[in-house]
Amino acid sequence: MSDVRLVKATRVSLKAHPHLNEKWLQERIVEDPTLLGLGDLAVEDVERRQPRAGRLDLLLSDPDSNRRYEVEIQLGATDEAHIIRTIEYWDIEKSRYPQYEHVAVIVAEDITSRFLNVISLLNKTIPLIAIQMQALQVSEVLTLHATTVLDLTSLGTEEEDEPGQATDRSYWVGKGTPETIAIADELLELINEITPGMAFKYNKFYIGLTRNGVVDNFITLRIRKDFVLAEPRIPRTEELTAMLDEAGVDRMDYDSQWGRYRLRLRKSDLVERRDLLLDLIRRASDTPAPLET
């Protein structure tokens, strides 16, 4: 490692730069939204006009979920107007398009401790992310570095049941039909072929799994009238997604928050796709549960 050359990076103020401005930064993010560190997002709109207000700098979306990000950019340090504007645009978009989950994103070159405290208080009731985006000169190259100084408030893991949320089998019998209840029971038999000793744990919003009384929700189920929604915890890959599509599995959008495929299963799937289901169960049982942050 003695031949590795270390080059010191120098901070460049975009606000004070004679040629680089907020529009330039906005264009760079449009070209590559991953610069924000929020994942591979899609650009829905730029300079989006708001009713009886100004223009939202960027509207981004997560292709794998129904989440949208209302992004407001400011060079230099953030201030009261920047914070208020971001929240106002977030609220407008949330009211106009309630079918989506909305997240307000503040982007600034500097987020001082004073305003970080204010944003942190707002973050307890408003889904709000604060990103410090700085330009760095490395030799002859200019680069952008994003630091998430405030992320969304962490929620409990899906393994944690809220008090009073446990139910019993009769609760889910009422949500389904004899046929879909039978599908769930047969899925449990398949699960036990791969991981013996598993039993259902009935909760209000999903049916989980336990082994010797210990929760292990590598697959969760939700019983409906026409199908059973099975959600195996498996990292998404293009190969597996293509395999499911080729096999004709009726699947919904991937749940990127919990890392689960979402499959609508019917009686025919248990017969025609039995081997595939066993493979999915095996993959899910080998996937570790996400750590709580």
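Just so you know, these numbers use all the heavy atoms, side chains as well, and skip hydrogens, waters and symmetry mates.
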Taking side chain to side chain contact (heavy atoms under 4.5 Å, CB included) as the test, write out the residues that go with [X], two or more places apart.
X: E88; answer: A53, I92
X: A81; answer: D79, R85
X: R55; answer: E47, R49

Of all heavy-atom pairs between [X] and [Y], which one has the smallest distance, and what is that distance?
X: N217; Y: T220; result: CB-CG2, 3.9 Å
X: I83; Y: F115; result: CD1-CD2, 3.6 Å
X: L190; Y: L270; result: CD1-CD2, 4.3 Å
X: V228; Y: T180; result: CG2-O, 3.3 Å
X: T210; Y: V215; result: CG2-CA, 4.1 Å
X: R28; Y: E31; result: NH2-OE2, 2.7 Å

Contact between [X] and [Y] at the side-chain level, heavy atoms closer than 4.5 Å - yes or no?
X: L221; Y: F200; answer: yes
X: H102; Y: D91; answer: no
X: Y171; Y: Y202; answer: no
X: T287; Y: R260; answer: no
X: K94; Y: R68; answer: no
X: L38; Y: V105; answer: yes

Can I get a per-line list of side-chain donor-acceptor pairs under 3.5 Å for residues 138-145, giving both atom names and the distance, sequence neighbours left out?
{"unit_1": "H145", "atom_1": "NE2", "unit_2": "T147", "atom_2": "OG1", "d": "3.4"}

More than 12 heavy atoms of other residues, nucleotides or ligands under 6.0 Å from [atom1] of [X]: is that the case?
X: E27; atom1: CD; result: yes
X: D32; atom1: CG; result: yes
X: K8; atom1: NZ; result: no

- request: Using modelled atom types only, decide if a donor and an acceptor are shared between the side chain of N192 and the backbone of M198 within a distance under 3.5 Å.
  value: yes

- request: Could you list all the salt bridge (Lys or Arg N to Asp or Glu O under 4.0 Å) pairs where at least one residue sits in residues 187-199, not counting sequence neighbours?
  value: E193-R274

query: Should side-chain heavy atoms under 4.5 Å link Ile, Leu, Val, Met, Phe, Trp and Tyr, which residues sit in the same cluster as L6?
result: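 Other cluster members: none.
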
- prompt: Who else is in the cluster with L136 when I, L, V, M, F, W and Y are joined by side-chain contacts under 4.5 Å?
  reply: none

task: Could you walk me through whether K15 and D110 pass the salt bridge (charged side-chain N to carboxylate O under 4.0 Å, His left out) test, one step at a time?
output: CA-CA 11 Å; K15 185 175 183 179; D110 291 297; over 6 Å; no

- request: Measure the spacing between CG of L209 and OG1 of T195 and express it to the nearest 0.5 Å.
  value: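 Answer rounded to 0.5 Å: 7.5 Å.
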
message: Assess the residue pair L56 and E72 against the criterion (side-chain contact (heavy atoms from CB on, under 4.5 Å)); give the C-alpha distance rounded to whole Å, side-chain angles, the decisive distance to 0.1 Å, and a yes or no.
response: CA-CA 6 Å; L56 172 65; E72 271 297 295; 3.7 Å; yes

Go through the structure and list residues passing salt bridge (Lys or Arg N to Asp or Glu O under 4.0 Å) with [X], not counting sequence neighbours.
X: E239; result: none
X: R114; result: E80
X: R282; result: none
X: E272; result: none

- prompt: Do any pairs count as a ring pair (Phe, Tyr, Trp, His ring centres under 6.0 Å) and have a residue in residues 261-288, sequence neighbours left out, and if so which ones?
  reply: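 Sorted pair list: Y254-Y261.
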
message: Using the salt bridge (Lys or Arg N to Asp or Glu O under 4.0 Å) definition, which of the options R251, R262, R264 pairs with E231?
response: R262

